[in-house]
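Have a look at the structure below before the remarks.
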2 protein chains.
Amino acid sequence: MAENYSNGGGQVGQSLRPRCPAPFLLKTYDLLEEGGVADGSGGKIVSWNGDGSGFIVWSPAEFSDLTLPRYFKHNNFSSFIRQLNTYGFKKISSKRWEFKHEKFQRGCRDMLVEITRKKGEPSVFPSYLKSSSEENATTSNSMEENNNNSHQLLMEENKNLKKERLELQMQIAEFKSLEMKLLECLSQVMDNHQNKSRRQC
Amino acid sequence: MAENYSNGGGQVGQSLRPRCPAPFLLKTYDLLEEGGVADGSGGKIVSWNGDGSGFIVWSPAEFSDLTLPRYFKHNNFSSFIRQLNTYGFKKISSKRWEFKHEKFQRGCRDMLVEITRKKGEPSVFPSYLKSSSEENATTSNSMEENNNNSHQLLMEENKNLKKERLELQMQIAEFKSLEMKLLECLSQVMDNHQNKSRRQC
DNA sequence: GGGAATATTCCC
DNA sequence: GGGAATATTCCC
């Protein structure tokens, strides 16, 4: 299963431009590039449209059953559509499943990074309460910066230690279960052995 | 694949008591009831604890690989833990993966409906503006003091983590040597066994 | 442990 | 098509 579509990480919750397109976009792009993939009888399941400005799902049923689960954690056509809508794609034909997004074009995988989710602003709070977050640390003096820096490092180390701890704990759990199995195995072999010896007498 | 854990529907977004427990809770309950399910060699992977007031994941590795994907759309132990935390479960042993929730008890599937997600109130302030420790508004007027304090705490935590790591590593070393001994013992017993059998012929 | 982003589901 | 809940991931 293709699960190498992580977002690269590093800037969760920031409003900076991400280095990587959303996994959903990459997967959708790639499943189109995978291209020729055909159903059992040679017909295309999904493909770019003529000029590569959009794509067409020729067979939603096969697309759901065969294509979706290879890229996503589901096989529901509606969930796929929901994602398309979330990212601002438009259905451009009432006759067939054809979708477009200005920044989603054949040959332009690099442009995907321009596509963003339509975020349903929590809307409870007026936007002026949201700080823009960039450009607010511009004038810290050196000591603060220093503090901040070592603080940063400590947090980093801390985080890594916790990750390591989890891994070690899991290793230990495995050892415990392995030990149990070995002991059982041993006792079985010995039982077996004893039985045979007894039969010999 | 068991996908019959829909929430019954009808009241999305309402704050009324739902008729059905969250799918996550039902699945977790059911995978425990499925009960006896064992790994390849008869050891339990996961089970209720002694009095049914909580449950224990005996083998995180097998639990992730074998159990999780049969109930969820993933095989990550951490995602499972994340959900437990979301629903307010507590890890009640530092020595093993044992979790409890007041309303999650053996034989009380009906009580699951009482368990709700902790909803992260859509707080007005971005999280990075929140200071990490509780009760820091007391009187630490100077921000420096505050900095110092959290720095202190971080260092303390760091130290403890390293100590813990050492202990875990030592435990692992012991397990390794134990494993070796067991394997040797096993092979000896089997050799011995085989010799006798041969002499018999 | 938990905040927050993305993914999936469910419903209007 | 989209709002909103739950699920999964990623990060602190």
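A, B, ... follow the sequence lines: proteins, then strands. Residue 1 opens every chain.
What separates CZ of Phe80(B) from P of dT8(D) is a distance of 11 Å, to the nearest Å. If you measure from atom CZ of Arg117(A) to atom P of dG2(D), you get 13 Å, rounded to the nearest angstrom. Distance OH (Tyr5(A)) to P (dT8(D)): 21 Å, rounded to an integer number of Å. Counting to the nearest Å, the P atom of dA5(C) and the CG atom of Leu25(A) are 17 Å from each other. In this structure, the NE2 atom of His74(B) is 12 Å from the C1' atom of dT6(D), given to the nearest Å. When the P atom of dG3(D) is taken as reference, atom CD of Gln83(A) falls 14 Å away, rounded to whole Å. At whole-Å resolution of the value, CG in Leu68(B) and P in dT8(D) are 9 Å apart. Rounded to an integer number of Å, the gap from Phe99(A) CZ to dG2(D) P is 12 Å.
At dT8(D), none of the side-chain N or O atoms of Lys73(A) fall inside 4.0 Å of OP1 or OP2 (strictly under the cut-off). Note on Asn76(B): a side-chain N or O is less than 4.0 Å away from OP1 or OP2 of dT9(D).
Taking Asp65(A) as the reference, nothing meets the side-chain contact (heavy atoms from CB on, under 4.5 Å) condition, with sequence neighbours excluded. Residues meeting the side-chain contact (heavy atoms from CB on, under 4.5 Å) test with Glu179(A), sequence neighbours left out: Leu183(A), Phe175(B), Leu178(B), Leu182(B). Under the ring pair (Phe, Tyr, Trp, His ring centres under 6.0 Å) criterion, Phe99(B) pairs with Phe55(B), sequence neighbours left out. Under the side-chain contact (heavy atoms from CB on, under 4.5 Å) criterion, Arg96(B) pairs with Ile56(B), Trp58(B), Ser93(B), Glu98(B), sequence neighbours left out. Scored by the side-chain contact (heavy atoms from CB on, under 4.5 Å) test, Gln105(B) finds Ser53(B), Cys108(B), Met111(B) as partners (sequence neighbours excluded).
Comparing dA7(D), dT8(C), dT8(D) by their closest approach to the side chain of Phe72(B) singles out dT8(D).
The backbone N or O of Phe24(A) sits nowhere less than 3.5 Å from a side-chain atom of Tyr71(A) that would complete a donor-acceptor pair.
Taking 3.5 Å as the limit, the base of dG1(D) and the side chain of Arg82(A) contain no donor-acceptor pair of atoms between them.
A heavy-atom distance below 4.5 Å is found between the side chains of Thr28(B) and Phe104(B).
Looking at residues 85-95 of chain B, you'll see Asn85(B), Lys91(B) sit with a heavy atom under 4.0 Å from some atom of DNA chain C.
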